[in-house]
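Take a look at the structure set out below.
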Amino acid sequence: MANRLVGRAVPRKEGGDKVTGKARYIDDLTFPGMLYGATVRSPCARGRIKGIHFEGGIPWDGFTIVTATDIPGKNCIVLLSDDHPGLAQRVVNHPEEPIVLLAHPDKYLLEEARRSVRLEIESLPAVFTIEESLARKEIIWGRDNIFKSIRVEKGNVDEAWAQADFIVEGEYRTGAQEQLYIEPNGMIAVANPQEGVTVWGSMQCPYYVHKALVCLFGLPESKVRVIQVETGGGFGGKEEYPSMIAGHAALLAWKSGKPVKLIYDRAEDMAATTKRHPSRTRHRTAVSKEGKLLAMEIEFVIDGGAYMTLSPVVLSRGTIHAAGPYHCPNIRIQSRAVATNAPPHGAFRGFGAPQSTFALERHLNKVARVVGLSPEELRRRNFIREGQSTATGQVIREKVDMAGLMERAFELSRYYAKTQRFAEENRGRRDKKGIGFACFLHGAGFTGSGEKYLASVVGVEATPAGRARILAASTEIGQGANTILCQIAAEALGLEYDQIEMASPDTGVVPNSGPTVASRTCMIIGKLVESACLAVKQTLVGSGLLKPDYSPEEFFRACAAYTQKCGPLKAFSQYQPPPEIHWDEEKYRGDAYSAYAWAVYVAEVTVDSLTYEVHVDDFVAVQEVGKVINPVLGGGQIEGGVAQAIGYALFENVVWQEGRMVNSQMTNYIIPTAADVPRIRTYFDEVPYAHGPAGAKGLGELPMDGTAPAIVNAIEDALGIGLDQIPVLPEHLVELLEVSRV
Amino acid sequence: MCDERHKVNVTCRVNGREYTLCVFPLMRLLDVLREELRLTGTKEGCGEGECGACSVLIDGELVNSCLVPALQVNGAEITTIEGIADGDRLHTVQEAFIEAGGAQCGICTPGMILAAVSLLGRMPEPSEEDMRAGLAGNLCRCTGYMKIFEAVARVCQKTGTKVNA
Amino acid sequence: MRSCLPDYELVAPANLREALALMAGEPGAWKPFAGGTDLMVLLEAGKLPHKRFLSLWHLRELKGIEVSPTAVTLGALTTYTEVLRHPVLQQEFPCLCQGARETGGVATQNRGTLGGNIANASPAADSPPALLVYDAELELVSATGSRWVPYRGFHSSYKQMDLRPNELIARIRLPRVGRPRRHYYRKVGTRKAQAISKVVFAGVAEVEGGVVRDVRIALGSVAPTVLRCAKTEAVLRGHPTVESTVAAAQAALAGEIAPIDDFRSTAKYRRRVSLNLLAVFLQSCLGTVEQGPGPEPWYGA
């Protein structure tokens with residue numbers, strides 16, 4: 001049967017509310033008797049807290065004041081470890097670390113009060129760079145400043161060097177990047193010892209917040225409830241830090257006995273919350289004169305900031321993606337996530353893969369030059385094919401055609417013609433044009449055994465009003481989760497799109513279907529929605545209330561009859577890994593992801609020789625992501641990701657001073673405007689994936705991975721200068737061009 | 001009637017309805033709308049006139065409501081996202097944003113729609129460059145702007161005008 | 001909002017005379033407040049040092065653009081939008097229009113004013129370099145009278161200007177020049193739109209037979225104030241725009257500007273780009289810059 005709803009551009013579920021201003025985000029809500037909350041933060045990177053002084057001129061009696069000693073449970077925001085305090089008590093480990101919380105009904109007075117808390121801190125020597133951390137200039141975390149080390153071994157790298165015709169080395173760096181969702185973080189909490197804790201807020205992962213609150217308050221799970229409200233963008237930035245904000249709002253509510261709203265302003269959001277991990281990647285590659293990759297030795301290091309948060313899993317994804325969509329018999333990857341005295345770095349679309357992909361796709365251009373092949377020919381000779389294995393030894397069983405994707409991308413961008421034309425025209429032209437590309441992959445879902453341990457659950461129920469409702473903790477953050485999950489359900493149940501609704505992501509109502517991250521919502525949650533729908537159908541058919549070939553009216557009549565006879569009609573489905581998936585966490589061997597999206601992106605740039613500004617003139621994004629559930633939303637994901645990665649490549653520069661972001665304003669942290677993006681041309685190749693809903697895989701993070709290296713490869717084509725770090729700012733180009741002119 | 005220290009009376013029309021408010025004169029129009037009038041469709045993204053999420057029309061001209069003090073809207077006519085539709089009938093720009101996928105997370109959407117309405121009011125047939133310039137003050141982190149341009153182009157098609165590439 | 005709103009006052013005088021009387025009564029106590037696009041940002045950040053403000057936005061006396069045979073006179077409250085839409089300004093003062101067009105987005109252009117921009121005294125301002133090359137004059141008014149001063153020299157040092165505590169900027173006058181001139185304006189920002197400048201370059205020149213008869217050059221973001229570059233102009237005046245002249249002009253400009261490193265850019269970048277833009281401006285005076293593949297930019301100094 002042809003798809004009725006999957007593959008169609010049905011309108012976004014909550015689109016009407018969003019275009020009319022009716023959609024309610026956290027800052028749009030008020031509660032009777034509500035107080036406003038504020039956070040007093042560390043002025044220095046590392047030190048001992050000697051005293052907290054509440055200075056004169058403020059009616060302190062009217063304030064709710066919370067410090068670490070007020071925390072009823074354990075003083076940590078638990079995630080992978082318990083090293084991250086909710087409020088610093090004796091020491092601070094990064095600038096902007098929260099120390100004191102204040103609440104008051106008058107938000108103007110609250111601001112005065114925030115400024116009147118004087119923190120007495122004896123500062124300690126601190127560590128600010130990957131190099132300082134690796135050199136153990138100071139030990140600031142654990143025994144050796146290392147959150148996590150990973151070693152991947154395939155074949156025998158040590159023996160391969162002798163056979164190499166060429167050995168090519170390179171070092172590549174990427175900077176921090178702010179997610180810059182346009183809606184700043186915020187939470188409202190109601191909390192007291194009798195009823196427990198309830199929070200509403202902007203977030204990606206209600207059950208992460210739930211887990212953190214259970215620990216922070218020492219409450220049973222049933223006494224904590226977390227409700228996601230309309231969320232104005234996340235990009236990973238609302239994966240882990242909302243747990244901190246929810247904890248703070250709840251602590252103030254607990255102590256004051258009143259609802260507390262805690263909304264960050266932009267400066268606080270940028271300076272205090274997580275950013276993409278800065279990275280350093282070193283490549284050493286053995287290659288034959290025919291351009292075959294013989295061995296790859298990769299050292300990948302990311303700066304995790306002051307606490308562990310998600311760094312080990314970011315490192316894991318970055319490590320697994322470090323060897324890209326290529327086949328190489330001998331691979332060694334050694335990677336480490338290290339501590340520095342900066343606010344913890346965290347989840348951001350791509351999650352480690354953009355960093356290691358940038359390094360590889362730049363490095364392969366260098367390898368091609370050394371070998372004397374074109375960048376495309378070198379890649380063509382090494383693309384991974386069905387039956388070959390990745391760095392972790394995962395044998396690719398799906399159909400994959402990287403060479404085909406590349407040819408399609410080249411056709412659409414007129415790559416060959418332009419390469420030639422630009423080379424000729426640049427000689428007589430002041431502004432230099434260039435074209436470049438990157439080839440990459442992105443694994444959908446959690447890495448390794450992650451999905452197995454999450455064991456996500458999704459429910460589908462019949463509502464009394466004659467609708468089918470999806471019960472999932474997946475959050476709509478702009479990416480279109482609500483819409484595609486409803487499309488999948490409507491398709492599976494044979495109903496209309498309008499007859500499906502999403503339950504509000506409320507931990508009191510929906511089961512734990514895991515976090516909304518890792519390009520997993522469509523592929524993993526979508527599949528669970530599909531199977532829960534089939535279970536509902538089977539229940540009705542099996543009970544004799546529905547014949548297999550039914551109309552929507554008959555379906556809902558059967559639901560009503562069932563409900564009357566047997567009680568609520570509800571079915572749950574829990575994640576089961578596809579049968580052939582095996583992962584060895586110890587050795588880092590096996591099937592790292594159940595499916596990958598594959599892509600080739602081509603960027604065309606102009607470099608202004610007067611101002612050294614780079615403008616992206618054209619962008620072609622070709623990818624294979626399985627079945628595309630909704631082409632408008634899918635296209636929007638790719639275009640948005642490309643734009644965000646244009647920022648990563650060319651504009652977005654976090655300026656650090658002793659661990660603090662000093663350009664924490666939108667005026668000074670530069671993201672692309674409508675005038676800065678080229679036409680982004682998106683093409684999907686759809687090869688249905690057997691274990692995805694209607695054949696779909698994941699696509700949300702993919703565009704973040706390959707865009708920056710495509711752009712920097714294009715700059716190399718334009719200028720003849722290889723660049724090894726992003727962002728590529730005009731200030732860097734002026735230095736490089738000056739050197740090259742001499 | 002407005003005797004709290006430093007507060008002043010401000011009278012203005014918002015979405016066709018007249019209000020007289022007793023507010024601090026430097027209160028941001030954004031807060032007047034959101035807190036005094038509970039019109040929360042206007043959003044705050046940065047508070048420094050950079051992102052455009054708080055865009056509204058004052059006397060038909062696009063402004064960032066976070067940069068306009070309450071006192072300066074005395075006597076003004078203000079249009080917010082809540083005043084764009086004609087009752088239950090969506091404005092063509094709103095319809096186009098839904099159809100083209102111009103709204104994702106939705107937080108920039110009210111401001112973006114007002115910027116688009118303002119652009120189309122000045123230029124019924126905007127070129128791509130006009131669109132880029134006209135919307136450059138409204139930052140979107142989700143869409144990469146393509147579907148927003150498409151939405152504006154759709155409006156032109158619907159109203160019979162064309163977009164010059 | 002990081003300011004305590006109850007601490008601030010903003011009053012709206014009925015007319016200009018009343019505004020000036022208030023300022024005369026307590027000199028320095030009342031700060032003028034025009035479109036708010038700069039001051040409201042400081043208020044939000046909790047960095048607005050003054051507490052009492054005079055709202056000028058509604059004062060008709062400070063609005064409007066008048067064109068006479070010898071000058072165009074703009075009220076201090078003229079917005080960027082009004083500047084960039086004005087046909088005579090477009091025709092005769094295109095650098096000013098381009099500066100206005102590149103200031104913020106449409107919303108800022110609708111609200112930001114030329115007078116406010118001058119009084120904000122940012123060295124990175126987009127329009128003031130254009131005002132400098134067009135020999136703008138400012139009318140400063142107080143309760144006791146008015147005076148006209150050249151805009152050139154108005155900013156004495158960083159954020160300092162020749163404006164008494166009881167004075168307001170009322171009007172900006174641009175003398176009209178009947179002769180054909182070449183105009184060049186380039187803002188180099190952190191991105192294509194809605195950016196703060198890293199370098200602003202404005203230049204006008206009268207060129208006859210390949211010789212620079214007269215020239216005016218001004219830059220932003222390369223010194224504590226926006227800067228009219230008199231020494232560079234002197235090197236060029238009366239000389240042909242040949243390579244040696246360009247190199248001499250670049251050397252003069254390098255000595256005149258004093259860019260710094262900050263979190264938006266580097267001194268080195270600003271210096272190099274300034275010299276490149278000067279070279280291109282001079283090339284444009286010969287009419288060679290716009291079309292086709294041009295020569296490599298000069299990198300003098």
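Residue numbers start from 1 in every chain, and the chains themselves are labelled A, B, ... in the order their sequence lines are given, proteins ahead of strands.
Looking at L119(B), there are no atoms closer than 4.5 Å to chain C (heavy atoms on both sides), in backbone or side chain. Heavy atoms of R28(B) lying under 4.5 Å from chain C belong to its backbone as well as its side chain. When heavy atoms are compared at a cutoff of 4.5 Å, E50(B) approaches chain C by way of both its backbone and its side chain. For a residue to count as touching a neighbouring chain, one of its non-hydrogen atoms must lie under 4.5 Å from one of that chain's; by this rule R191(C) touches chain B with the side chain only. R52(C) does not touch chain B: none of its heavy atoms, backbone or side chain, sits under 4.5 Å away. In this structure, no portion of A195(C) lies under 4.5 Å from any heavy atom of chain B. With a 4.5 Å cut-off on non-hydrogen atoms, A133(B) touches chain C through its backbone but not through its side chain. Contact of D38(C) with chain B is not made at all, since no heavy-atom distance falls under 4.5 Å.
Not one N or O on the side chain of H6(B) forms a donor-acceptor pair closer than 3.5 Å with the backbone of E9(C). Judged by distance alone, the side chain of N64(B) and the main-chain N or O of A107(C) form no donor-acceptor pair under 3.5 Å.
Counting heavy-atom pairs closer than 4.5 Å to chain C, the top residue among K7(B), R122(B), E4(B) is R122(B). Looking only at heavy-atom pairs under 4.5 Å with chain B, the residue among A193(C), S55(C), G104(C) that has the most is S55(C). The residue among P25(B), G137(B), A70(B) with the most heavy atom pairs within less than 4.5 Å of chain C is P25(B). Among L26(B), D31(B), V63(B), the residue with the largest count of heavy-atom pairs under 4.5 Å with chain C is L26(B).
The shortest distance between side-chain heavy atoms of L71(B) and F33(C) does not fall below 4.5 Å. No side-chain heavy atom of H58(C) sits less than 4.5 Å from a side-chain heavy atom of N74(B). With a 4.5 Å cut-off on side-chain heavy atoms, C66(B) and M40(C) do not count as touching.
Taking CD of E44(B) as the start and CE of M1(C) as the end, the distance is 8.0 Å to the nearest 0.5 Å. The structure places CG of N110(C) at 11.0 Å from CG of D59(B), a figure rounded to the nearest 0.5 Å. Atom-to-atom distance recorded for R111(C):CZ and L67(B):CG is 9.5 Å, nearest 0.5 angstrom.
When the shell of 6.0 Å around CZ of R38(B) is examined, it contains more than 12 heavy atoms from other residues, nucleotides or ligands. The neighbour count for Y158(C) OH, taken as heavy atoms of other residues, nucleotides or ligands under 6.0 Å away, does not exceed 12. Around CD of E66(C), the count of heavy atoms belonging to other residues, nucleotides or ligands within 6.0 Å does not exceed 12.
In summary, of the residues considered (L42(C), L43(C), V41(C)), a side-chain contact (heavy atoms from CB on, under 4.5 Å) with E48(B) occurs for V41(C) alone.
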